[in-house]
Amino acid sequence: MFNVQLSFTNATIFQFSSSFMVQHHLQLAAASSHGWLRATPSDGHSETSVDKRWDSLAFNPVKTDYIYVMKSCKDGSFSNGGLRHYGNIEISPSAAVLNYGQGIIENLKAYKNKNGSIILFRVEENGLRMRVGADRMCMPAPTIEQFVEAVTSTVSANERWIPPSNRGFLHVRPLLMGNGPVLSLTPAPEFIFLIYVTPVRNYFEGGLKPINVVVENDIHRATLGGVGNIKALGNYAGIMKAQAKAKANGFSDVLYLDSIHNRYLEEVSTANVFVVKDNTISTPVLGGTILPGITRKSIIEIAHSQGFKVEERLVPVEELFDADEVFCCGNAVCVLPVGSITLNGKRVDYGESGFVVSQQLYSALANIQMGLIEDKMGWTTLLN
């Protein structure tokens, strides 16, 4: 038997009650029977060094102050989670996540509004999606309540890393992974739930910037019966080759087709896709190969409320050549207009209408996420 432990530099942990609201100031105190200490989030850090970084933010990881760690019990439940100083972790060389890819991720973001309050967007939906994905991957998962509390705790402890709303947001990355030694193809004996955060610049500084996409004919993102409808780690490694080839040829990203007919639209690499024609917005129907994006779900609800007809159906690739607009959506990009799509050397350009629908939906969703308008949908969680 191997004893698998998490190792952090100068590790300290914070224990919190079941309340979702985390105090802004964390006082030094003994932390239950574990003997860990609590510390203030600003320990040993300079605010000046953080402020200077807003000008150079990109979509790259930044070493922030704290991460959240929680381990599974023998019965599969999770308990005794808490915050630790940001640092590397140690896992067994024979961990299931390393050897068999038993792991899933989530993505969400936190904004800071003009009043200084922190805004989280539909965080319960992320917790639910992680539980669905965990079940498919033979993994236990935190309850939705534990997930929400962990996210709010991590975001609150790293508050100083949240950029002003006009400069960026805090990218929140929860992970669930199989740990503990395994050699045969079997679920891990132990699981780790971990959250880290990093500040990221706004994707659309200077306005919406349409992307140029190429349709992929040979590589498929997902197949029926697989794990394309969850955020399994292997989903992303498997499409890196197609994405790298596309970028080498001057394209921004790749649009994938279904693996059976090689005709129906599925997803862009990390985003759902929508096709606009007149007052109708069509998007590929969820059928086991497409990720049920939370941004996708929100866009559909907003579009309905604005009087659009929204169809979730099989969308043939031929419809791209008659569309008024095409856009994709995801956590990081919110709503991203497509400027052109190339299929087998034939290119179709969009934008004659000025991407009116894309802009309209982007503004409606982003304004809610940033706290610029009243959230009549009840989607946001406000941390004072």
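The model shown is predicted, which means the values in this text are computed figures rather than measured ones.
Leu57 is linked by a side chain to side chain contact (heavy atoms under 4.5 Å, CB included) to Trp54, Pro163, Pro199, Arg201, counting only residues two or more places apart in sequence or in another chain. Residues passing the side chain to side chain contact (heavy atoms under 4.5 Å, CB included) test with Glu352, sequence neighbours excluded: none. For Asp322, the side chain to side chain contact (heavy atoms under 4.5 Å, CB included) partners two or more places apart in sequence, or in a different chain, are Lys277. Residues that satisfy the salt bridge (Lys or Arg N to Asp or Glu O under 4.0 Å) test with Asp349, not counting sequence neighbours, are Arg347. Remark: Glu318 pairs with Arg263 by the side chain to side chain donor-acceptor pair (under 3.5 Å) rule, at least two apart or across chains. The salt bridge (Lys or Arg N to Asp or Glu O under 4.0 Å) search around Lys309 returns Glu311, not counting sequence neighbours. Remark: Asn217 engages Leu257, Asn262, Leu343, Asn344 in a side chain to side chain contact (heavy atoms under 4.5 Å, CB included) (not counting sequence neighbours).
Closest of all the heavy-atom pairs between Ala188 and Asn179 is CB-O, 3.1 Å.
Residue pairs meeting the ring-ring contact (aromatic ring centres under 6.0 Å, His included) criterion with at least one member in residues 249-279, sequence neighbours excluded, are His261-Tyr264, Phe274-Phe327. Every pair passing salt bridge (charged side-chain N to carboxylate O under 4.0 Å, His left out) that includes a residue from residues 297-307 is listed here, sequence neighbours excluded: Arg122-Glu301, Glu125-Lys297. Sorted by first then second residue, the ring-ring contact (aromatic ring centres under 6.0 Å, His included) pairs that include residues 285-319, not counting sequence neighbours, number zero.
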Less than 3.5 Å apart, which donor and acceptor atoms pair up between the side chains of residues 223-238 and the rest of the protein, not counting sequence neighbours?
unit_1: Lys231; atom_1: NZ; unit_2: Tyr236; atom_2: OH; d: 2.9
unit_1: Asn235; atom_1: ND2; unit_2: Val227; atom_2: O; d: 2.9
unit_1: Asn235; atom_1: ND2; unit_2: Ile230; atom_2: O; d: 2.7

Please lay out, stage by stage, how Arg221 and Glu267 fare under the test salt bridge (charged side-chain N to carboxylate O under 4.0 Å, His left out). CA-CA 8 Å; Arg221 176 189 168 275; Glu267 291 187 35; 3.4 Å; yes

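Using a distance-only test at 3.5 Å, with no hydrogens or angles considered, no donor-acceptor pair links the side chain of Asn115 to the main chain of Ser117. A donor-acceptor contact shorter than 3.5 Å is absent between the side chain of Thr295 and the backbone of Cys329.
Salt-bridge check for Glu216 with Lys241: failed, with every basic side-chain N at 4.0 Å or more from each acidic carboxylate O.
Chaining together hydrophobic side chains whose heavy atoms lie under 4.5 Å apart places Leu185 alongside Tyr100, Val182.
Using cut-offs of 30° and 60° for the angle between ring planes, the Phe193 and Phe147 rings count as tilted.
Between the side chains of Asp375 and Thr380, at least one donor N or O lies within less than 3.5 Å of an accepting N or O.
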